[in-house]
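Structure record follows, encoded as structure tokens.
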Amino acid sequence: VKAMSERERAAMLLFTSGRRRMPAVNRGEFFTLRLATELTEAHLPVAHTCFFQLDLPPYSSSSTLRAKLLYAILSCAVDVDDSGFHSRGSLYDEGTQIDEGTNGV
């Protein structure tokens, strides 16, 4: 997360919480990371927005983790702020750096 741009951090917040802003009441932590051993390297990270939980498959390298996480946060999320529940379009674009070893994902 520290290496992410502000745009990527905003997408991470939206992906993991379904919101564009931090909750007014924060217990000192933002979200829980869980190693999802039932998933394989072929899977993308999974967010449970109601629980502020991010499930990460056991990726074999940090470059695969980064590529899959960026793809997920920039392509898949819901936005429940302001106007209720709705899907949002992809933030993923051709300028996003994706690791070649992950077949473009």
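Computed over heavy atoms, backbone and side chain alike; hydrogens, waters and symmetry mates excluded. Just so you know, these numbers come straight off a predicted model, no measurement behind them.
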To the nearest 0.5 Å, what is the distance between [atom1] on [X] and [atom2] on [Y]?
| X | Y | atom1 | atom2 | answer |
| --- | --- | --- | --- | --- |
| Thr16 | Leu33 | OG1 | CG | 9.5 Å |
| Leu65 | Tyr59 | CG | OH | 7.0 Å |
| Glu6 | Met12 | CD | CE | 15.0 Å |

* Non-neighbouring partners of Ser62 that pass side chain to side chain contact (heavy atoms under 4.5 Å, CB included), sequence neighbours left out ->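 Ser62 satisfies side chain to side chain contact (heavy atoms under 4.5 Å, CB included) with no residue once adjacent residues are dropped.
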* To do: Under the side chain to side chain contact (heavy atoms under 4.5 Å, CB included) rule, collect the residues that match up with Ser5, sequence neighbours excluded.
  =>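 For Ser5 the side chain to side chain contact (heavy atoms under 4.5 Å, CB included) partners, ignoring immediate neighbours, are Arg7, Glu8.
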* Could you tell me which residues satisfy side-chain hydrogen bond (donor to acceptor under 3.5 Å, both in side chains) with Ser60, sequence neighbours excluded, listed by chain and number? =>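 Once residues adjacent in sequence are excluded, the partners of Ser60 under the side-chain hydrogen bond (donor to acceptor under 3.5 Å, both in side chains) criterion are Glu41.
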* Give the minimum heavy-atom separation between Ala42 and Lys68, together with the two atoms involved. =>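 Nearest pair, atom of Ala42 first, then Lys68: O-NZ, 3.4 Å.
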* Should Leu35 and Pro58 count as side-chain neighbours, where that means a heavy-atom distance under 4.5 Å? ->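 Yes, at least one pair of side-chain atoms sits under 4.5 Å.
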* Asked: Is there a side-chain contact between Arg19 and Leu13 (heavy atoms, below 4.5 Å)?
  ->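 No; the side chains remain at least 4.5 Å from each other.
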For residues 44-56, please give each side-chain donor-acceptor pair under 3.5 Å, one per line with the distance, not counting sequence neighbours.
from, atom 1, to, atom 2, distance (Å)
His48, NE2, Asp55, OD2, 2.8
Gln53, NE2, Asp55, OD1, 2.7
Asp55, OD1, Arg34, NE, 3.1
Asp55, OD2, Arg34, NH2, 3.1

* Side-chain (Arg9) to main-chain (Lys2) donor-acceptor, under 3.5 angstrom ->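 Flag set: sc Arg9 to bb Lys2 pair under 3.5 Å.
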